[in-house]
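A quick write-up on the structure given underneath.
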Amino acid sequence: MKKLAIAALITLGLAVSPAFAKQTGVKIGVLNCDVSAGVGMIIASSKTVKCKFDRAVGGTERYTGTIERLGIDVGFTGKGVLSWVVFAPGQISRGALQGRYAGASAEASIAVGLGANVLVGGGNKSIALQPLSVQAQTGLNIAAGIAGLRLKAVKN
């Protein structure tokens, strides 16, 4: 499932990144998050995430947090994977992805599913997680609404 998400991310990244990068900065790395299983509660959901940020230059950082959705969310999902290309105005300090992100989200699963999340934020509100994340999961679920991602840097 993780390989499916990464392959789709690369495909989307090649199609979307050049135009998006002109507006938001340069590609500084990739954020991969393992998402906990969960149940949609009709109008809201919340799942924990454990993330690894692989910088284009400068190593790896780890983050924990939650991804929440407010809107239609009905069904259940198993553990999933979210992957984003990360853009910023330039190189950022360690831990700079810590903070809150907000945007739109949609997903659908029938046994295996995919989703998309459009999120912007971070510690200084200048970090963009590529317009379309790639999400792979299992379950039976349909969801759409406003999404929020909160990340906290993990000390190594």
Side-chain angles (χ1 to χ4, degrees), residues 1-17 20-21 24-25 27-41 44-56 59-88 92 94-123 125-154:
M1 189 164 33
K2 190 175 258 187
K3 289 179 183 179
L4 171 67
I6 291 170
L9 173 68
I10 290 168
T11 303
L12 280 171
L14 293 174
V16 178
S17 295
F20 186 69
T24 59
K27 176 182 171 183
I28 61 165
V30 176
L31 180 67
N32 292 298
C33 299
D34 291 323
V35 183
S36 67
V39 176
M41 302 303 228
S45 65
S46 179
K47 298 176 183 176
T48 60
V49 296
K50 291 183 180 179
C51 305
K52 182 174 122 181
F53 175 50
D54 293 310
R55 290 174 171 269
T60 299
E61 298 174 27
R62 299 204 179 276
Y63 293 85
T64 60
T66 58
I67 187 161
E68 298 170 331
R69 182 176 295 110
L70 182 60
I72 298 170
D73 194 346
V74 179
F76 64 93
T77 55
K79 292 180 180 179
V81 176
L82 280 168
S83 295
W84 284 280
V85 172
V86 180
F87 290 93
I92 58 173
R94 293 191 69 74
L97 293 186
Q98 181 168 296
R100 294 177 184 256
Y101 297 80
S105 174
E107 68 183 53
S109 300
I110 299 177
V112 175
L114 293 174
N117 297 278
V118 181
L119 303 175
V120 176
K125 306 292 188 243
S126 65
I127 298 170
L129 303 181
Q130 180 173 335
L132 296 176
S133 71
V134 175
Q135 179 175 341
Q137 67 208 10
T138 58
L140 179 59
N141 178 264
I142 187 163
I146 304 300
L149 174 67
R150 186 176 345 177
L151 293 176
K152 181 176 180 184
V154 174

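The analysis underlying the following values was restricted to heavy atoms, covering all of them including side chains, and did not include hydrogens, waters or symmetry mates.
At distances below 3.5 Å, at least one donor-acceptor pair connects side-chain atoms of Glu61 with backbone N or O atoms of Gly95. With Arg62 contributing its side chain and Lys50 its backbone, the two residues share no donor-acceptor pair below 3.5 Å.
Atom NZ of residue Lys47 and atom OG1 of residue Thr66 lie 12.5 Å apart, to the nearest 0.5 angstrom. For the atom pair Leu82 CG and Ile67 CD1, the distance stands at 5.0 Å (nearest 0.5 Å). Distance CD1/Ile127 to CZ/Phe87: 13.0 Å, rounded to 0.5 Å. Annotation: the span from Cys33 atom SG to Lys52 atom NZ amounts to 11.5 Å, rounded to 0.5 Å.
The two residues Val86 and Leu97 make their nearest non-hydrogen contact at CG1-CD2, 3.9 Å. Nearest heavy-atom pair, Arg69 versus Gly145, reported as atom, atom and distance to 0.1 Å: CD-N, 4.4 Å. Here the closest heavy-atom approach between residue Leu119 and residue Ala147 is recorded as CD2-O, 3.8 Å. Residue Cys51 comes nearest to Leu151 through the heavy atom pair SG-CD2, 3.9 Å, listed as atom of the first residue, atom of the second, then distance. Contact between Ala88 and Ile28 at its shortest, heavy atoms only, is CB-CD1, 3.8 Å.
Legend: residues meeting side chain to side chain contact (heavy atoms under 4.5 Å, CB included) with Ala153, ordered by chain and number and at least two apart, are Tyr63, Gln98. Under the side chain to side chain donor-acceptor pair (under 3.5 Å) criterion, Ser36 pairs with Thr48, sequence neighbours left out.
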side-chain contact (heavy atoms from CB on, under 4.5 Å) between Val35 and Val81, intermediate numbers included: CA-CA 6 Å; Val35 183; Val81 176; over 6 Å; no
